[in-house]
There are 2 protein chains.
Amino acid sequence: MEDVARLAGVSSITVSRVLNHPDKVAESTRERVMAAVEATGYIPNSVAGSLASRRTRVIGALVPTITNSIFADTIDGLTDVLTPAGYQLLLGATGYSLREESRLVGAILAQRPAGLLATGLQHESQGLTLLRTTDIPIVETWNVDGDPVDMAVGFSNFEACRAMVATLARRGARRIGFVSAPTTANDRAEQRLRGYRHAVRELGLDTDARLEREAKFSFHAGAERLVEMIAERPDVEAIFFANDILAIGALFECQRRGIRVPEDLAIAGFDDVELAAQVNPGLTTVRIPRYRIGREAARMILRRLEGERVEPRVLDLGFEIVERQSTPAGT
Amino acid sequence: MEDVARLAGVSSITVSRVLNHPDKVAESTRERVMAAVEATGYIPNSVAGSLASRRTRVIGALVPTITNSIFADTIDGLTDVLTPAGYQLLLGATGYSLREESRLVGAILAQRPAGLLATGLQHESQGLTLLRTTDIPIVETWNVDGDPVDMAVGFSNFEACRAMVATLARRGARRIGFVSAPTTANDRAEQRLRGYRHAVRELGLDTDARLEREAKFSFHAGAERLVEMIAERPDVEAIFFANDILAIGALFECQRRGIRVPEDLAIAGFDDVELAAQVNPGLTTVRIPRYRIGREAARMILRRLEGERVEPRVLDLGFEIVERQSTPAGT
DNA sequence: CGCCGTAATGTTAGCGCTTTCAGTAACACC
DNA sequence: GGTGTTACTGAAAGCGCTAACATTACGGCG
């Protein structure tokens, strides 16, 4: 920066101003400085800048895994808002471990981000303390059933599952199975399971424990649980899977076994991934605002960084039941 | 940090040492300092630390989009190596724009990352200059057909496509269509197309331009190109899609239209996404080391950061033709 | 005509750490 | 007992910027 200043015949603070507050510099000076920046190939040092100004242009984001496209969509929404605003993304993957989340929260906060996005409302006490102590805007995502540390944006996993069970029941099913995602360190999965259980009781449906299982996130696991469940409860009428990947894995298994969907068995998923609309039959599922979660989270953070108050602190973006051909049509 | 030092009855430099070089501090002191760190809830300021030490624990990564799972897998491999080594990920999505890539390279370099991962060997001159000028380790990924700025890890898209066409031809197809991904700002797609063209000529197959189309990345586009191609060239025997998503979109369209795969038409994809093995019939495709690309890229960067020389600078991880049921079986 | 507001630029200090060099103490060795 | 060696701790300087205040020039205004 010293070099640039010398070449342009100004002091270094003027160079700094040209780069950060161009309107506070005379146009002729600005041009001279910009030319000098080009000529020297100067790349500003944001590390030094951040230290001096005590703020960074970095937003931290913590997701369980970026390998699951639903989180990739949220990150996508986040960057689509952040990038034009001049912010960059510091990404961490917790691998569904609250221990690892705490560690990453510490590591990310050490970078003094301007804001932070987390997934879920559930945290380890250590991480929670860190989140509470810091004064940057924090948005927890993918869940609105609980108390956020600061702000939250998402939808009710509980209500979404309850609504899907109600839809299946309305189409005539009384024996509805549920395949949950692992609920440890995953409040979204836990609430989906609770939503199912609540609905089954509420509607007086079959509550046999054999209609409930857990599966890791994979096509294969969905197929396996399907096979197990129809072996133990051949009379099951519909199986609701906690995510589309499981459901589609099961759907493919039905294709292979000649089980007719939805005539012999109805299948429903959760997430409405792009694939859900493409498979044959199309998958009935819950559409959730994955991309918008990221977008709105970014907006909330930015608004706070601009000094505005953000109300409400919990933003429920809702969900939508999408009925396709994998469940019986309405009459 | 001042507070911690006072509480522990040491100077601030000792606190710094406890945090960064714990082995250079007496155990009793270390314990006292750690207790003080806990008590005060001190979170080190990496920004200041980085400025003073002139190095960060951040690695930049540029991908076209994180929404495509193949890049998510590469990022996954990257973080799996980087995180245990104490590095964090600064992620940028270029949206397949070289202009945007240049901008992001500048923004990321301003953060003074310890290393940088880019996707592809193709860059705009402005971004290329930045990459060349900087002295941090840089790995270009997903392509080894060309000259890297620094290091590269990936496979030959050209040879992979050539090999798939040869496989299809070996199974009897003479009229093989190709659906390319958009080739602008995407050297990988471009080389896949060139590999197809080369193979078709080399093997004396049908070179009709109507057997060649382009499609954006979606199931839907794959289905559309399929429909168009069989309308214009009803005698096409096999269609090779530049990625699995296109191929699977086409496969689903065949299911809907009652086109038997592979009896009426063979279908092949590229990438071997998890879904490719699940669909019915299973998709013949090219398996590529998506995850390992990220892993090896991280390893190369880390080795360089430890002062080692890295040879070779271009690491070809190869590919593998995976024949499933969407193409005719061997005899 | 002096005063004051405004625009443009510069001076000074310091952000919170780490590097470098120095210093102290304890111990072994010839 | 002087010297070297190892282990530990500290003082001073400064990383490359920006915030806050200072300065200069200029023109409008009572």
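Every chain is numbered from 1 and lettered A, B, ... according to where its sequence line falls, protein lines coming before strand lines.
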| Closest to side chain of B/Arg17, choosing from C/dG10, D/dT9, D/dA19 | D/dT9
| query | Roughly how many Å is it from CZ in A/Arg54 to P in D/dA20, rounded to a whole number? | reply | 8 Å
| Intermediate values then yes/no, side-chain contact (heavy atoms from CB on, under 4.5 Å), A/Asp187 and A/Trp142 | CA-CA 9 Å; A/Asp187 55 354; A/Trp142 280 89; over 6 Å; no
| Can you check whether A/Val25's main-chain N or O pairs, donor with acceptor, with A/Arg30's side chain at less than 3.5 Å? | yes
| note | Among the nucleotides D/dA19, D/dT18, C/dA8, whichever has the atom closest to the side chain of A/Ala26 is C/dA8
| note | Side-chain contact check for A/Val25: nearest option of C/dT9, D/dT18, C/dC15 is C/dT9
| request: Can you tell me the distance, in whole Å, between the NZ atom of A/Lys24 and the P atom of D/dC21? | output: 14 Å
| field | Closest-nucleotide 5' rank along DNA chain C - winner of B/Asn45 and A/Ser12 | value | A/Ser12
| remark: A/Leu19 CG to D/dT18 P, in whole Å, measures 7 Å
| field | Nearest-nucleotide pick for B/Ser53, side chain only, options being D/dA19, D/dT9, C/dT18 | value | C/dT18
| request: For B/Glu27 and D/dC8, give me the distance from atom CD to atom P, rounded to whole Å. | output: 10 Å
| field | Length of the line joining B/Asp23:CG and D/dT6:P, which is rounded to integer Å | value | 16 Å
| task | Verify whether one side chain among A/Gln111 and B/Arg57 offers a donor that lies under 3.5 Å from an acceptor in the other. | result | no
| Is the shortest side-chain N to carboxylate O distance from B/Arg290 to B/Asp76 below 4.0 Å? | no
| field | Closest to the A/Thr14 side chain, choosing from D/dG10, C/dT9, D/dT18 | value | C/dT9
| Want to settle it: does A/Gly49 or B/Arg30 sit nearer the 5' end of DNA chain D, counting the closest nucleotide to each? | B/Arg30
| Do A/Glu100 and A/Thr94 have side-chain atoms, one donor and one acceptor, less than 3.5 Å apart? | no
| remark: Per atom distances to the A/Ala52 side chain, the nearest of D/dA11, C/dG14, C/dT19 is C/dG14
| request: Send over the distance from A/Glu2 CD to D/dT18 P, rounded to a whole Å. | output: 13 Å
| request: Provide, to the nearest angstrom, the distance between the CZ atom belonging to B/Arg57 and the P atom belonging to C/dC17. | output: 17 Å
| message | From CZ of A/Arg112 over to P of C/dC17, roughly how many Å is that when rounded to an integer? | response | 7 Å
| Position toward the 5' end of DNA chain C (nearest nucleotide), B/His21 or B/Val47 | B/Val47
| field | C/dC17 OP1/OP2 closer than 4.0 Å to side-chain N/O of B/Tyr42 | value | yes
| task | For A/Thr29, report the nucleic acid contact type (base, sugar-phosphate, nothing); a contact means any heavy atom under 4.0 Å. | result | sugar-phosphate
| field | Options C/dT18, C/dG10, D/dC8, nucleotide nearest the side-chain atoms of B/Ile13 | value | C/dT18
